[in-house]
Structures are given as structure tokens and as C-alpha cells.
Amino acid sequence: MDVKQALLAGRRGRRLLSGVVLSGSTSQAQHLMRAVSDASCEVARQRGDGVARFTLVAEEAIAEPQDSPAAEAVASIAEIAQMIRTVPLPEATPELLRSALADSVDWAMYWQPPDAEDTLLADPRIIEALERVAEHVASTGIIQGWMAASTPENQWMITWRGEGTEGQWEPGLEPAHSQLKAWNLELVGN
């Protein structure tokens with residue numbers, strides 16, 4: 001399976017792609033972020049999840065009557081998919097992809113059903129719209145680098161030498177692989 005298909009196939013990959021597309025700073029990206037948030041909230045309400053919403057309001061607007069979120073129309077799945085297809089994509093930097101990956105993993109809750117946003121992102125219309133984001137991310141080669149086989153001989157152990165705060169971090173004199181192998185032999189006595 002290529003990277004693009006792998007990202008689209010599972011919840012964590014789709015959440016990563018969502019994190020990329022929602023990280024943009026354009027007004028379109030901000031509108032999409034609100035639409036995804038509102039639609040996810042609606043998914044949660046429809047299936048009976050407990051939902052609490054908090055919004056920021058400018059201090060000067062407090063005296064004026066506010067529209068309740070319920071009074072606003074929630075974007076449909078088709079509308080959200082269209083927004084994903086047209087929103088300008090941010091540059092897929094290593095920092096952005098690491099942040100999107102971290103957020104995706106932070107939302108992993110395998111002991112329970114998918115949360116509302118993961119449920120929303122699993123809709124086939126959203127998956128189809130995320131294909132362009134997956135292509136954008138895959139074209140960088142960054143994720144492929146993360147997935148490349150690591151070579152244990154090229155990993156190093158860093159050790160702390162000295163007492164208290166005066167100590168220093170120093171690289172080990174031999175690769176971590178050989179140090180860990182020797183430690184394992186000491187433990188099991190073979």
C-alpha cells in the first residue's frame with residue numbers, strides 16, 4: 001500500500017490529513033475548521049455523546065445578543081468535502097507533519113468507539129476529498145522517511161556523566177544496538 005492510500009485507510013492517517021488541511025491560516029481554512037468542529041459536534045449529539053462547546057467572544061460583543069450555535073446551520077458532509085477540495089493547502093513541512101501526527105496520536109482512543117471527528121472523517125465523501133491532501137503530504141517524502149527501516153547499528157545511546165547539574169550529556173562510545181545487546185546478555189545470563 002502506498003503512503004497516500006495508507007493515510008486514507010485509517011483513522012490516525014485521516015486525522016493527520018485533517019490536521020494538515022485545518023492548520024492553514026487563510027480565512028477558508030478557518031471557515032473549514034469551524035465547519036468540521038460544528039459537524040463533529042452534531043455527529044456527537046446525534047449519537048448521544050455528551051457534548052460541551054466553548055467559544056471565544058470579543059468583550060465588546062457581550063452586550064449584544066449572540067446567535068446560539070444551534071441557530072446556525074451546520075455545514076453538510078458534502079459542503080465540508082467541497083471545502084476540503086478547494087481550501088489552499090499549507091506547506092507540508094516536517095514541523096507541520098510532526099505536529100499533525102502528534103495531534104492524531106493524541107486523539108487515539110482504541111478502547112472506545114471513534115470520536116465524532118474520526119467518525120466524520122470516515123465518511124466516503126470526506127475520504128475522497130482528503131485524497132488531494134494525502135497526495136500533497138506524500139509528495140514531500142517526509143512520511144516515507146519516517147517509515148523507512150531503521151538500522152539498529154546507526155542508533156546511539158546518550159549517557160549522563162557527572163553528578164547533579166554539573167554533569168554533561170555525552171554520546172556513547174559504541175552504538176546503542178551493541179550496548180543493549182550486552183545488557184540483555186547480562187540480564188538473561190547467556
Side-chain angles (χ1 to χ4, degrees), residues 1-25 29 32-33 36-37 40 43-44 47 49-50 84 87-124 126-190:
M1 181 181 301
D2 69 348
V3 171
K4 178 182 162 185
Q5 292 307 312
L7 289 169
L8 293 166
R11 289 187 295 226
R12 302 289 47 89
R14 290 189 298 269
R15 194 71 167 239
L16 180 145
L17 296 173
S18 171
V20 169
V21 75
L22 295 177
S23 71
S25 58
L32 174 59
M33 183 184 299
V36 168
S37 175
S40 296
V43 166
R47 64 183 194 190
D49 295 351
I84 293 170
V87 68
L89 297 176
E91 180 183 356
T93 63
E95 294 78 21
L96 172 60
L97 295 181
R98 268 194 304 272
S99 176
L101 176 63
D103 287 345
S104 175
V105 172
D106 285 347
W107 284 102
M109 297 174 270
Y110 297 111
W111 60 91
Q112 65 186 40
D115 73 355
E117 190 168 331
D118 280 343
T119 301
L120 178 72
L121 295 172
D123 186 282
I126 300 291
I127 294 172
E128 186 273 325
L130 285 171
E131 285 182 13
R132 87 183 252 271
V133 185
E135 185 64 44
H136 177 66
V137 168
S139 72
T140 67
I142 295 168
I143 291 182
Q144 293 88 327
W146 294 345
M147 295 169 58
S150 77
T151 55
E153 295 78 25
N154 197 26
Q155 296 179 21
W156 293 85
M157 179 188 284
I158 305 292
T159 57
W160 181 257
R161 304 267 186 215
E163 296 294 321
T165 58
E166 294 80 35
Q168 299 179 30
W169 289 105
E170 295 179 1
L173 299 177
E174 59 183 306
H177 178 265
S178 56
Q179 290 182 28
L180 293 172
K181 186 175 181 180
W183 179 59
N184 184 46
L185 289 174
E186 286 177 30
L187 291 176
V188 295
N190 290 334

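Since we're looking at a predicted model, the values are computed, not measured.
Between the CG atom of Asp118 and the CH2 atom of Trp107 there is a distance of 9.0 Å, given to the nearest 0.5 Å. A distance of 8.5 Å separates CG of Asp49 from CD of Gln112, quoted to the nearest 0.5 Å. For the atom pair CD1 of Ile142 and CG of Leu97, the computed distance is 4.5 Å after rounding to the nearest 0.5 Å. Considering CG of Leu17 and CD of Glu135, their distance stands at 11.0 Å, rounded to 0.5 Å. Taken to the nearest 0.5 Å, the CZ atom of Arg11 stands 9.0 Å off from the CE atom of Met109. Ser18 OG to Leu120 CG: the interatomic distance, rounded to the nearest 0.5 Å, is 8.5 Å.
Contact detail for Pro90 and Gly24: the closest heavy-atom pair is CG-N, 4.2 Å. Shortest non-hydrogen contact noted between Trp146 and Leu101 is CZ3-CD2, 3.7 Å. The two residues Leu8 and Ile127 come nearest to each other via the heavy atoms CD2-O, 3.7 Å. Taking both residues in full, the closest heavy atoms of Val21 and Val87 are given as CG2-CG1, 3.3 Å, listed atom of the first, atom of the second, then distance. Of all heavy-atom pairs spanning Ala100 and Leu16, the tightest one is CB-O, 3.6 Å. Residues Arg12 and Ala108 share a closest heavy-atom pair of CD-CB, 3.5 Å.
For the residue pair Thr119/Arg47, the side-chain donor-acceptor check at 3.5 Å is satisfied.
When atom types are taken as modelled, the side chain of His136 and the backbone of Glu91 share no donor-acceptor pair closer than 3.5 angstrom. Of the possible donor and acceptor atoms, none in the side chain of Ser104 sits under 3.5 Å from a partner among the backbone N and O of Arg15. With hydrogens and angles disregarded, no donor-acceptor distance shorter than 3.5 Å links the side chain of Ser37 to the backbone of Met33. Formation of a donor-acceptor pair under 3.5 Å by the Arg14 side chain with backbone atoms of Ala9 is found in this model. Listed for the Gln144 side chain is a donor-acceptor partner under 3.5 Å among the backbone atoms of Ala138.
You'll find the side chain of Leu7 stays beyond 4.5 Å of the side chain of Leu130, heavy atoms only. The closest side-chain heavy-atom distance from Arg98 to Pro94 is below 4.5 Å.
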Please determine whether side-chain contact (heavy atoms from CB on, under 4.5 Å) holds for the pair Lys181 and Asn184, giving the CA-CA distance in whole Å, both sets of side-chain angles, and the decisive distance to 0.1 Å. CA-CA 5 Å; Lys181 186 175 181 180; Asn184 184 46; 5.7 Å; no

